[in-house]
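All remarks here apply to the structure that follows.
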Amino acid sequence: DVKVTQSSRYLVKRTGEKVFLECVQDMDHENMFWYRQDPGLGLRLIYFSYDVKMKEKGDIPEGYSVSREKKERFSLILESASTNQTSMYLCASSLISPGHLTNTGELFFGEGSRLTVL
Amino acid sequence: AQSVTQLGSHVSVSEGALVLLRCNYSSSVPPYLFWYVQYPNQGLQLLLKYTSAATLVKGINGFEAEFKKSETSFHLTKPSAHMSDAAEYFCAVTKMGFQKLVFGTGTRLLVSP
């Protein structure tokens, strides 16, 4: 089974702190994604990466950065946390992009990291 | 731009009743459509997908969805609800060759005994 592991299930940080959310996948997937989940808003894509050291902005990248130094690891960084970044953060990976003709493009998700910024 | 709209943030059914969760999509090109489920305190997992083959798609746990181009819909159904179906369901859309998956706002399914 594919396993996507997020390092912290629950974090509490203070405004202005630098926050690292770590995600590791064990299936040699090319693509990795960071989503933010908020009630009534669904999942919104923050950043994604389709290769090591490659990254692309999603729909809400402001206030976030990412790092992918190794294929299995994709980190989300909040340089200076703010209260409006209190949310559930979900990491996902896929073997090939969701729109690939011959692949399901299935995303495998971690269990999420619930971040509270005070 | 592609998008999906899920009608109803909450749907309540009795155990044994029909489950119908609605999803309408917007796409200028043939879409790929997905349903994901999220059980409490877990990440999302794939229920089923449509990628331009059969319009009636069967998924796990007895769920199925029908792609209707004329109605731009991809509603999720299950003939008989079970207590274990209580979860949040997300519809999602992408297109061929595209890397991003766009999710709807989700529908929470409540199942009562």
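Below, read A as the first sequence line, B as the second, and so on, with proteins coming before strands; counting in each chain starts at 1. These numbers come from the heavy atoms of this one structure, side chains and all, not from hydrogens, waters or symmetry mates.
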Non-hydrogen atoms of chain A under 4.5 Å away: do they reach the side chain of B:Gln38, the backbone, both or neither?
side chain
Side-chain touch B:Tyr36/A:Leu107, heavy atoms, less than 4.5 angstrom:
yes
For atom CZ of B:Arg22, is the number of surrounding heavy atoms from other residues, nucleotides or ligands below 6.0 Å larger than 12?
no
Kindly check if the number of other-residue, nucleotide or ligand heavy atoms within 6.0 Å of CG (B:Asn41) is above 12?
no
If hydrophobic clusters are built by linking Ile, Leu, Val, Met, Phe, Trp and Tyr wherever their side-chain heavy atoms come under 4.5 Å apart, do A:Phe74 and A:Val19 end up in the same one?
yes
Region of A:Leu41 that comes under 4.5 Å of a non-hydrogen atom in chain B
backbone
Is there a side-chain contact between A:Leu90 and B:Leu44, using heavy atoms and a 4.5 Å cut-off?
yes
Would you say B:Val29 and B:Tyr50 are hydrophobically clustered, going by side-chain heavy atoms of ILVMFWY under 4.5 Å?
no
State the NZ-NZ distance between A:Lys57 and B:Lys100, to the nearest 0.5 angstrom.
12.0 Å
Is there a path of hydrophobic side-chain contacts, each under 4.5 Å between heavy atoms, that joins A:Phe108 and A:Ile46?
no
With a 4.5 angstrom heavy-atom cut-off, which part of A:Arg9 approaches chain B: side chain, backbone, both or neither?
side chain
Do the side chains of A:Leu45 and A:Trp34 join up, straight or via other hydrophobic residues, at under 4.5 Å, putting them in one cluster?
no
So for A:Gln37, is it side chain, backbone, both, or neither that comes closer than 4.5 Å to the heavy atoms of chain B?
side chain
Using the rule that two of Ile, Leu, Val, Met, Phe, Trp, Tyr join whenever any of their side-chain heavy atoms come within less than 4.5 Å, decide whether A:Leu11 and A:Met88 are in one cluster.
no
So how far is it from A:Glu106 CD to B:Phe34 CZ, rounded to the nearest 0.5 Å?
9.0 Å
From A:Phe48 CZ over to B:Leu101 CG, what is the distance, rounded to the nearest 0.5 angstrom?
11.0 Å
